[in-house]
Q: 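I'd like to ask you about the structure that follows.
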Amino acid sequence: MNKVMIYLLFLLAGLSAATSLSAQSAASSSFDEPVRRNGYVGFSIGPSVPLGDLADMDPDPKMGVQLNLGHFGYLFSRNLGVASSLMLGWLPMTYNWDDDDDWWDDDDDDWWDDDDDDWDEGWSYASLMVGPLVSFPLSSKVEWDLRPMVGATVVSTPEMFGDDQGFGLACGMGSALRFHLNRTLSLMLTADYLYSEPSFDEGDLKIETLSFGIGLAFRLK
C-alpha cells in the first residue's frame, strides 16, 4: 500500500508540475499552432517496480530506477505512427541464502562469505523496443500516446548469481501524456510495462517491470 501511495504521489506531482508549467508558458508567450507537430524525441526517468520471478525471488521487493532514452515517435496520420524506445533499468535485490531457490544452483561458492546470509545486489537490464504509435490529441497542447512494442532485452544478474547475462525477446506497453510547453518542447509523464523471458546458463527467467517516469520531449516538424 505504501508503494502504491508513492507512485500516485509521484504521478500527481508530475501532473501538477506539468499543469503549472503549461499555464506559465501560455501566460508568458501564448502560441497558437494550427498545424500539429508530427514527431518528437525525448527522455524520461522514474521508479521501476519488479514483477514476476524477480519479485518472487526477493523476500522484500524494492523499487529500482529506469531511464528511458531515445523516446521517439512519428505520426504518419492524425492518430497512427511509429515509436521506439531504449530502456535502461536497475532493480535492487536482497537475497536470503536460507531460502531455497530452484532457479539458481552453483557448486562453486568460494566467493561467498559464509558470515553474511543477506546480500544487497541488483539486476540491470536494457531493452530496445519498436512498435506502432497511437496518439490522441486531448487539446491543442496535450496529447496522449499508446505504444505497444516488441524488441530485445539483455539482463545482467547480480554477483550472487555469478554475473551471468541473459538475452531474450521482449514485449511491452507504454503510455505517455505530453504537455506542450511551447513549439519545440513538451513535458512527458510516462508509464511502461516490460515483459521478457531471457535465457541464462541456469535456464530461463521471467522478467517483468512496471515503471513510471517524468521527462522532456523535443518536438519535431
Side-chain angles (χ1 to χ4, degrees), residues 10-11 14-26 28-49 65-90 125-155 167-196 198 207-221:
F10 178 82
L11 290 177
L15 183 59
S16 176
T19 304
S20 176
L21 286 172
S22 181
Q24 290 177 12
S25 177
S28 61
S29 58
S30 178
F31 66 95
D32 263 341
E33 197 163 22
V35 180
R36 184 183 177 197
R37 299 281 174 125
N38 289 329
Y40 65 89
V41 60
F43 67 91
S44 65
I45 187 171
S48 179
V49 185
V65 63
Q66 179 168 295
L67 175 63
N68 286 18
L69 295 173
H71 269 309
F72 173 78
Y74 194 87
L75 292 170
F76 300 120
S77 66
R78 176 177 172 82
N79 300 107
L80 296 177
V82 64
S84 66
S85 183
L86 173 62
M87 306 176 188
L88 305 176
W90 183 79
Y125 60 91
S127 184
L128 180 61
M129 311 279 283
V130 296
L133 170 66
V134 184
S135 185
F136 303 95
L138 303 182
S139 72
S140 62
K141 299 178 183 178
V142 181
E143 295 187 60
W144 176 39
D145 299 332
L146 293 175
R147 308 182 308 270
M149 295 192 290
V150 296
T153 297
V154 56
V155 180
F167 301 87
L169 298 178
C171 62
M173 172 64 75
S175 179
L177 279 173
R178 290 185 287 126
F179 300 85
H180 305 318
L181 306 179
N182 52 45
R183 289 183 177 87
T184 59
L185 193 64
S186 301
L187 187 142
M188 295 180 66
L189 297 179
T190 65
D192 292 279
Y193 170 76
L194 174 66
Y195 177 91
S196 182
I207 304 291
E208 294 179 83
T209 64
L210 180 63
S211 63
F212 304 93
I214 185 170
L216 295 174
F218 299 92
R219 306 176 69 191
L220 307 175
K221 292 183 179 181

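The first residue in the sequence is number 1, and the count goes up from there.
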Q: Can you list the steps and then say if Leu75 with Leu133 is a side chain to side chain contact (heavy atoms under 4.5 Å, CB included)?
A: CA-CA 7 Å; Leu75 292 170; Leu133 170 66; 3.8 Å; yes
Q: Would you give the length of the straight line joining atom OH of Tyr40 to atom CZ of Phe218, rounded to the nearest 0.5 angstrom?
A: 14.0 Å
Q: Walk me through whether Ile207 and Tyr195 qualify under side chain to side chain contact (heavy atoms under 4.5 Å, CB included).
A: CA-CA 6 Å; Ile207 304 291; Tyr195 177 91; over 6 Å; no
Q: Using side-chain heavy atoms (C-beta onward) and a distance below 4.5 Å, is Val82 in contact with Val130?
A: no
Q: Decide side chain to side chain contact (heavy atoms under 4.5 Å, CB included) for Leu194 and Ser127; before the verdict, give the C-alpha distance in whole Å, the side-chain angles of both, and the deciding distance to 0.1 Å.
A: CA-CA 9 Å; Leu194 174 66; Ser127 184; 3.8 Å; yes
Q: Apply side-chain hydrogen bond (donor to acceptor under 3.5 Å, both in side chains) to the pair Ser48 and Ser211, showing each step before the final yes or no.
A: CA-CA 4 Å; Ser48 179; Ser211 63; 5.2 Å; no
Q: Say you draw a straight line from NE2 of His71 to CG of Asp192; how long is it, rounded to the nearest 0.5 Å?
A: 5.5 Å
Q: I'd like to check the side chain to side chain contact (heavy atoms under 4.5 Å, CB included) partners of Thr184; sequence neighbours left out, ordered by chain and number.
A: Asn182
Q: For the backbone of Phe43 and the side chain of Asn68, can you confirm whether one donor and one acceptor N or O come within less than 3.5 Å of each other?
A: no
Q: Any chance CG of Leu220 has more than 12 other-residue heavy atoms, nucleotides or ligands included, within less than 6.0 Å?
A: yes
Q: Working to the nearest 0.5 Å, report the span between CG of Asn38 and CZ of Arg219.
A: 10.5 Å
Q: Can you name the residues that form a salt bridge (charged side-chain N to carboxylate O under 4.0 Å, His left out) with Arg178, not counting sequence neighbours?
A: Glu143, Asp145
Q: If you count the non-hydrogen atoms of other residues, nucleotides and ligands that lie under 6.0 Å from CH2 in Trp90, is the total more than 12?
A: yes
Q: To the closest 0.5 Å, what do you measure between CE (Met87) and CG (Leu67)?
A: 11.0 Å
Q: Say whether, by atom type as modelled, one donor and one acceptor occur between the side chain of Ser175 and the main chain of Leu146 under 3.5 angstrom.
A: no
